[in-house]
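Here the structure is a predicted model, which means the values were calculated and not measured. Naming: A, B, ... by sequence-line order, numbering from 1 per chain.
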Protein chains: 4
Amino acid sequence: MASIPELEEIRRNQILEAALSTIAETGAAHVTMDDIAQAAGLSKGGLIHYYRSKNELFQATFKELFERIFELSRESMAQHSDPMEKILAFDFLYDLENPYTRQGYPLLFDSMALAAREPDYQAMFDAWVDRWIELLTGAIRQGIADGSFVEMDPDPLARTISAIYHGIAIRWYLAPRSHSSEWAVNSFRTAIGGAMAPYRKKTGQDAEKGQGTGNTLMEMNRNPAA
Amino acid sequence: MASIPELEEIRRNQILEAALSTIAETGAAHVTMDDIAQAAGLSKGGLIHYYRSKNELFQATFKELFERIFELSRESMAQHSDPMEKILAFDFLYDLENPYTRQGYPLLFDSMALAAREPDYQAMFDAWVDRWIELLTGAIRQGIADGSFVEMDPDPLARTISAIYHGIAIRWYLAPRSHSSEWAVNSFRTAIGGAMAPYRKKTGQDAEKGQGTGNTLMEMNRNPAA
Amino acid sequence: MASIPELEEIRRNQILEAALSTIAETGAAHVTMDDIAQAAGLSKGGLIHYYRSKNELFQATFKELFERIFELSRESMAQHSDPMEKILAFDFLYDLENPYTRQGYPLLFDSMALAAREPDYQAMFDAWVDRWIELLTGAIRQGIADGSFVEMDPDPLARTISAIYHGIAIRWYLAPRSHSSEWAVNSFRTAIGGAMAPYRKKTGQDAEKGQGTGNTLMEMNRNPAA
Amino acid sequence: MASIPELEEIRRNQILEAALSTIAETGAAHVTMDDIAQAAGLSKGGLIHYYRSKNELFQATFKELFERIFELSRESMAQHSDPMEKILAFDFLYDLENPYTRQGYPLLFDSMALAAREPDYQAMFDAWVDRWIELLTGAIRQGIADGSFVEMDPDPLARTISAIYHGIAIRWYLAPRSHSSEWAVNSFRTAIGGAMAPYRKKTGQDAEKGQGTGNTLMEMNRNPAA
DNA sequence: AATGAATGAGCCTTCATTCAT
DNA sequence: AATGAATGAAGGCTCATTCAT
């Protein structure tokens with residue numbers, strides 16, 4: 001019975017995976033236990049064996065969601081060493097080829113609708129934001145340490161940056177007719193570049209280039225295309 | 001029977017009002033036709049008389065929601081004549097004393113969760129964004145015309161600005177433990193100030209003040225308090 | 001809409017009737033809402049319209065049961081004017097031709113199993129007993145007043161008498177193989193006669209007859225038949 | 001493997017013990033196989049290994065119940081040598097300090113609800129009554145033999161006596177608010193004393209005392225306290 | 001116009017039973 | 001012998017929708 005200690009773990013992952021994808025597809029408001037069970041390759045009863053109620057399963061699922069989003073962010077930032085690059089390392093947000101991204105959006109919308117009314121979900125959302133802020137303040141502190149940013153309290157800035165990401169990503173996902181991925185990428189580079197500007201030390205190069213924040217939107221705007 | 005057309009109008013408003021408040025309270029996922037009927041002072045049958053199905057009523061309700069939010073934005077901007085002031089005229093977003101604001105957030109979260117999956121709601125959301133963008137591009141064009149902003153395509157900038165509002169407002173509402181109203185107000189002034197910077201013509205005064213965008217966060221960050 | 005005020009009353013009676021007969025048949029432990037709805041000629045939803053939960057319906061049903069049993073007892077006693085006859089007026093208990101009797105037994109067993117564990121049902125049972133005791137104390141008081149019984153506190157005696165009825169009825173119903181109706185009738189006349197004996201004033205006639213309590217069991221026993 | 005037959009015995013007792021206590025607590029209507037398995041310190045599968053179905057286990061459990069009640073009665077009577085004392089030897093019925101008594105009542109109520117509808121349980125109930133009757137007829141026969149009772153068929157009298165016990169015990173257990181243990185004890189002494197009266201030979205002593213049946217209720221009634 | 005009685009599909013959850021290990 | 005994972009039927013309850021009045 002070597003497999004039994006692992007079985008619980010395997011099944012729970014199987015179920016969370018199924019829950020994430022069915023909720024993403026159908027919506028937390030409409031998904032049924034049957035949908036999830038079927039997606040997990042289990043019977044309704046089998047599902048209940050691992051998560052005793054829909055609420056318990058939902059909470060675990062959204063906890064998992066936030067865990068995964070956090071992991072994705074952490075890994076994205078870890079691929080860069082320059083602090084400003086770390087801060088701008090969220091291009092994956094605008095890549096629907098990435099199945100995690102594609103699935104993540106609808107789940108995130110559900111999580112916010114839940115968090116807007118239920119304290120448990122609000123707490124999860126809050127905790128996730130906190131962890132994200134920690135990543136960003138880490139990068140900012142590194143920038144202060146290496147002299148590329150001025151001295152400051154990194155926390156409010158990190159909150160602003162992450163909120164900007166949040167806003168642009170949502171807008172981009174919900175209004176694809178009018179918001180291209182390019183708009184999204186440029187947009188947050190503009191906005192974050194702007195938000196960061198006062199805190200960045202001007203180098204000779206940057207001073208010449210003006211913003212030096214990768215703000216391609218400026219150029220785009222000055223040479224309107226569409 | 002001159003009163004019948006009026007009655008229809010009255011009843012429909014009564015119902016939409018009830019739908020808005022009950023959905024805000026209970027959530028689109030859980031609200032029932034009974035809840036809404038009761039809030040409207042009607043019976044279930046009376047409700048169905050005016051909106052033949054829950055879906056029809058929901059669509060009308062969210063249409064009304066976007067209409068109201070738009071009206072609120074339009075009025076807020078109309079109170080200012082300076083283009084930059086118009087762009088920054090959204091302080092009402094961080095005022096939960098305002099019942100419209102308080103009710104608006106949960107409804108907006110529901111609308112996004114719906115829009116993330118159902119084309120009808122996505123179209124509504126998109127259309128609302130478009131009208132908001134129009135307001136902002138109007139202000140930007142005015143700024144270009146009166147010489148306070150440089151020449152540019154106002155549309156992408158307007159989209160960025162509105163997305164920033166969106167992101168900060170959401171973050172502020174969902175994580176009240178860590179995001180004060182002051183953070184929110186300062187945050188969007190910083191971010192929008194930053195995003196606008198490249199497009200604003202430096203006046204003598206502004207040049208002296210540096211950003212001149214009402215960026216109180218900068219000062220806050222440099223003199224960390226908590 | 002003249003019928004609407006009465007409809008609620010009609011339906012509730014219809015449902016209670018259905019509940020009484022289906023519970024009697026199937027048992028409180030196994031009867032389903034569907035069973036009851038069907039017996040009442042309604043759909044499941046229609047049933048719930050009148051009784052919002054199974055528990056609510058069950059409580060109403062057992063309340064009705066005790067009401068009916070009480071009414072039956074009251075009427076039986078009312079047919080007699082002599083106090084001793086009133087006390088002995090429960091022959092209907094041993095008449096399964098009577099549909100109320102036939103239905104009443106299984107319901108009463110369920111009510112006791114419920115009362116043994118759930119305070120609400122215990123309270124109902126208790127209240128029913130109290131009302132029965134009142135009937136009996138009334139008869140005893142009448143007997144004291146008209147001089148056929150000696151002075152005493154009628155309450156404990158009434159409780160004993162009703163308990164005897166209870167015991168004999170139960171035994172008779174559950175072990176029909178060995179307890180004939182005649183045994184039951186004789187048995188309670190014996191037992192109650194015995195219990196009453198000390199409190200009855202001996203008349204000349206009675207003194208000669210010995211017991212004078214209608215104790216036919218004695219004769220039966222002395223001339224064993226089966 | 002001499003121990004295997006013993007293990008079977010041990011496990012079955014373990015299970016019956018668990019079934020008796022969980023059913024007593026939770027009620028036959030609501031107890032689950034899991035409850036019983038857990039109380040027995042076994043898994044669901046382990047339970048099924050010994051009793052192939054819930055029905056099989058229930059039947060065995062109630063058989064065990066009647067066996068135990070009978071044993072208790074037998075032992076109580078065996079402690080007395082005088083026939084009248086044997087007949088009155090059921091004081092343990094009113095002693096909730098006794099765990100068997102405390103557990104026995106709810107189980108007995110369940111057994112009656114079952115017996116009222118299912119022949120198997122009715123047969124068990126009937127058989128239990130028969131064995132009880134045998135105990136009582138034995139005592140009565142002894143009384144006839146030693147000259148303290150008159151000649152008679154002891155069977156109907158025994159049935160009456162046991163039914164009286166049954167009725168008073170039930171009433172006492174279900175309506176504790178109004179029936180004290182003293183009432184119960186006095187009550188069955190009164191009732192049984194009354195029922196026995198015609199069959200007892202008057203001794204000089206008894207003749208003087210009147211009933212001589214331990215009828216303390218009579219005195220209580222004549223000197224009402226509350 | 002408006003009511004609310006009635007329906008019935010659908011959902012979450014429970015639980016006896018089966019079965020691989 | 002014993003476990004507990006898994007099944008699936010069944011039940012209580014919800015709720016959008018219909019319809020007679």
Engineer: Among F/dG4, F/dA6, E/dA6, which nucleotide has an atom closest to any side-chain atom of C/L42?
Structural biologist: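 Of all the options, the side chain of C/L42 is nearest to E/dA6.
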Engineer: Please check if the side chain of B/D110 supplies one atom and the backbone of B/G27 the other of a donor-acceptor pair under 3.5 Å.
Structural biologist: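 Side chain of B/D110 to backbone of B/G27, a donor-acceptor pair under 3.5 Å: no, none is there.
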Engineer: At under 4.0 Å between heavy atoms, what does C/Y51 touch on the DNA or RNA strands: base, sugar-phosphate, or nothing?
Structural biologist: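 Here C/Y51 touches no strand at all.
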Engineer: Applying the Watson-Crick and G-U wobble criteria at under 3.5 Å, what pairs with E/dT18? Answer none if nothing qualifies.
Structural biologist: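 By the stated definition (distances under 3.5 Å), F/dA5 pairs with E/dT18.
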Engineer: Rounded to whole Å, how long is the line connecting atom CD of A/Q38 with atom P of E/dC11?
Structural biologist: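 Rounding to the nearest Å, CD of A/Q38 and P of E/dC11 are 12 Å apart.
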Engineer: How do A/G45 and B/G46 order along DNA chain E: which one's closest nucleotide is nearer the 5' end?
Structural biologist: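 Looking at the nearest nucleotide for each, B/G46 comes out on the 5' side.
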Engineer: Using a cut-off of strictly less than 4.0 Å, decide whether C/R52 has a side-chain nitrogen or oxygen near OP1 or OP2 of F/dG12.
Structural biologist: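 False: C/R52 side-chain N/O out of range (4.0 Å or more) of F/dG12 OP1/OP2.
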Engineer: Could you check how far CD1 of A/I36 sits from C1' of E/dT13, rounded to whole Å?
Structural biologist: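 Roughly 14 Å, once rounded to whole Å.
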Engineer: Just verifying a value: how many Å separate A/I23 CD1 and A/L57 CG, rounded to the nearest 0.5 Å?
Structural biologist: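 CG of A/L57 is found 6.5 Å from CD1 of A/I23.
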Engineer: Please compare D/Y50 and B/N55 by the position of their nearest nucleotide in DNA chain F and report the one closer to 5'.
Structural biologist: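 Counting from the 5' end, the first nearest nucleotide belongs to D/Y50.
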Engineer: Under 4.0 Å between any heavy atoms, over every strand shown, what does B/T32 touch: base, sugar-phosphate, or nothing? Just pick one.
Structural biologist: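 Sugar-phosphate, no base atom in range.
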Engineer: Can you measure C/L47 atom CG to F/dG11 atom P for me and round it to whole angstrom units?
Structural biologist: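 So the CG-P distance, C/L47 to F/dG11, works out to 14 Å.
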Engineer: Among F/dG12, F/dA6, F/dA16, find the nucleotide with the atom closest to the side chain of C/M33.
Structural biologist: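 The answer is F/dG12, which lies nearest to the side chain.
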Engineer: Expressed as a whole number of angstroms, how long is the span from C/I10:CD1 to E/dA5:P?
Structural biologist: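 Between P of E/dA5 and CD1 of C/I10: 13 Å.
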Engineer: Rounded to the nearest 0.5 Å, how far does OG of A/S43 lie from CD of A/Q38?
Structural biologist: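 Those atoms lie 11.0 Å apart.
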Engineer: Got a donor-acceptor pair under 3.5 Å from the side chain of B/K44 to the base of E/dT3?
Structural biologist: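 When only heavy-atom distances are counted, B/K44 does not reach the base of E/dT3 through any donor-acceptor pair under 3.5 Å.
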Engineer: How many Å lie between NZ on C/K54 and P on F/dA10, as a whole number?
Structural biologist: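 After rounding, the gap between these two atoms is 15 Å.
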Engineer: Determine whether A/F58 and A/Y51 make a side-chain contact, defined as any pair of heavy atoms from C-beta on separated by less than 4.5 Å.
Structural biologist: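 No; the side chains remain at least 4.5 Å from each other.
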Engineer: Where does the angle between the aromatic ring planes of A/Y173 and A/Y105 fall among parallel (under 30°), tilted (30 to 60°) and perpendicular (over 60°)?
Structural biologist: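 Rings of A/Y173 and A/Y105: parallel, as their planes differ by under 30°.
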Engineer: Whole-Å distance between F/dA10 P and C/H30 NE2?
Structural biologist: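 Rounded to the whole Å, the gap is 14 Å.
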Engineer: Please report, rounded to the nearest Å, how far the C1' atom of E/dC19 is from the NE2 atom of A/H49.
Structural biologist: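 In whole Å, E/dC19 C1' and A/H49 NE2 are 14 Å from each other.
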Engineer: Assuming nearest nucleotide by heavy-atom distance, tell me which of A/G41 and D/S43 is located more 5' along DNA chain F.
Structural biologist: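 Nearest-nucleotide comparison on DNA chain F picks D/S43.
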Engineer: I need the CG-P distance between A/D34 and F/dT7, as an integer number of Å.
Structural biologist: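 In whole Å, F/dT7 P lies 12 Å from A/D34 CG.
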